[in-house]
2 protein chains.
Amino acid sequence: MSRKRFDDLDCSLACALNEVGDWWSLLLIKQAMLGTRRFVDFQRNLGIAKNILVDRLCRLVESGVLARVDAGEHGTRYEYRLTEKGRDLFTVVIALRQWNLRWNGNRDGMRLLDKSSGEPISEVAVQNSEGEPLTIKDVLFVDENGQPLEQAG
Amino acid sequence: MSRKRFDDLDCSLACALNEVGDWWSLLLIKQAMLGTRRFVDFQRNLGIAKNILVDRLCRLVESGVLARVDAGEHGTRYEYRLTEKGRDLFTVVIALRQWNLRWNGNRDGMRLLDKSSGEPISEVAVQNSEGEPLTIKDVLFVDENGQPLEQAG
DNA sequence: ACAAAAGAGTTGCAATACGAAACCAGATAT
DNA sequence: ATATCTGGTTTCGTATTGCAACTCTTTTGT
């Protein structure tokens, strides 16, 4: 039976996962962020099967994360480029990456630097309006009326 | 053939996705962050099939994101609680959620407030050491020797 | 005390998704 | 003209998913 979809779950996280929550999508996006644009290069860099790659690229184009642009004059070369929506996943990709670095150590040797200062970027964190980091214990989940969310279970 | 695993990909993102990159894991974690602890409650709140739920909970316990603790004195009731590692996924969950809010609008009416000030939390972002937000264009990817990463394609 | 329900899983089955490799058509290179 | 590259599509066998039914132990209701 088909994978369960989350559109109807009325949950922002679920909707996000519907668009980029499968095994390959975020890797494709990260690869695109590193500069990969061509079908064959995605394939070579990630070792993904072609049929799956076609499917994922189409999905991501449909949801507006990637744009398929004609590259080359004869209509058989294309580039898949990140849109603004796709580039905006930067935070998510980096947050996941940093989480893995913290808990599982560094697998790739890659580091990220602030281009203008040359210094490492800082750790992504949830912050209050003053820029102080917040853990889950510091936040309150409320509904649209400002009522604290009581957990059904 | 089995789903392709990313352990060998030498990529932190890939490793992270190996642990929490499937359709259900992050939803389970978010639900746990909202306070759900019991098997039946995960099932009811998410509508996940029991066999899949068993599988996912086991995986997450194995990778140290959840801990299975005996609740009830007779050894047949359990609670699945976030570990420190699991709680540390807060940033990732919120980043994904905010991304979806920005691009697809608000589906649930939920809002997050700083418990101590009552104000909304700010948007998660990649920042430099001064706390200024960085987009992907502001950062440089370098290898362990500090050499800029040239993209193979 | 006894029956009924809940909690935490298992098991079996059908539908689907995935991965590998073969195949294909238009453009390019030799 | 022949071979190769690109961006796919097709086929086929395996893996994963979802659903429903079933278990076994503990709790709850009367």
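Since the model is a prediction, treat every value here as computed from it, not as a measurement.
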Query raised in the report: What is the nucleic acid contact for B/Phe42, judged by heavy atoms within less than 4.0 Å: base, sugar-phosphate only, or nothing?
Result: nothing
Report task. Take the C1' atoms of the five end pairs on each side of the helix from C/dA1-D/dT30 to C/dT30-D/dA1, get both axes, and report the angle to 10 degrees. Result -> 20°
Requested in this report: Answer yes or no: does a side-chain N or O of A/Tyr78 lie under 4.0 Å from OP1 or OP2 of C/dG26?
Outcome: no
Query raised in the report: Given atom CG of B/Asp22 and atom P of C/dA17, what is their separation to the nearest angstrom?
Result: 16 Å
Query raised in the report: Between the side chain of A/Ser63 and the main-chain N/O of A/Arg59, is any donor-acceptor distance below 3.5 Å?
Result: yes
Report summary line: residues 12-28 of chain B vs salt bridge (Lys or Arg N to Asp or Glu O under 4.0 Å), sequence neighbours excluded, gives B/Glu19-B/Lys85, B/Asp22-B/Arg56
Query raised in the report: Does A/Arg38 make a side-chain N or O approach to OP1 or OP2 of D/dG7 shorter than 4.0 Å?
Result: yes
Query raised in the report: Restricting to pairs with a member in residues 121-133 of chain B, which pass salt bridge (Lys or Arg N to Asp or Glu O under 4.0 Å), not counting sequence neighbours?
Result: B/Arg102-B/Glu123
Report task. Name all residues meeting the side-chain contact (heavy atoms from CB on, under 4.5 Å) criterion together with A/Val142; count only those two or more places apart in sequence or in a different chain, and write none if there are none. Result -> A/Leu140, B/Arg111, B/Leu113
Query raised in the report: Does any non-hydrogen side-chain atom of B/Val139 lie less than 4.5 Å from one of A/Asp114?
Result: no
Report task. Kindly give the heavy-atom pair with the smallest separation between A/Trp23 and B/Leu17, and that separation in Å. Result -> CZ3-O, 3.0 Å
Query raised in the report: Can you check whether B/Trp23 has a side-chain N or O nearer than 4.0 Å to OP1 or OP2 of D/dG18?
Result: no
Requested in this report: Tell me, please, which residues at least two apart from B/Thr135 pass side-chain contact (heavy atoms from CB on, under 4.5 Å).
Outcome: B/Lys137, B/Asp138
Query raised in the report: Does the side chain of B/Tyr80 come within less than 4.5 Å of B/Thr36's, by heavy atoms?
Result: no
Report task. Rounded to the nearest angstrom, tell me the gap between atom CD in A/Gln43 and atom C1' in C/dA20. Result -> 11 Å
Query raised in the report: Are any of B/Trp24's side-chain N or O atoms less than 4.0 Å away from OP1 or OP2 of D/dT16?
Result: no
Report task. Strictly below 4.0 Å, heavy-atom distances to any atom of DNA chain D: list the hits from residues 54-69 of chain A, or just say none. Result -> A/Val54, A/Arg68
Query - D/dG7 phosphate, OP1 or OP2, under 4.0 Å from A/Arg44 side-chain N/O - result: no
Requested in this report: Starting from the C-alpha separation in whole Å, work towards a yes-or-no answer on side chain to side chain donor-acceptor pair (under 3.5 Å) for A/Asp41 and A/Asn45.
Outcome: CA-CA 6 Å; A/Asp41 294 322; A/Asn45 291 331; 5.4 Å; no
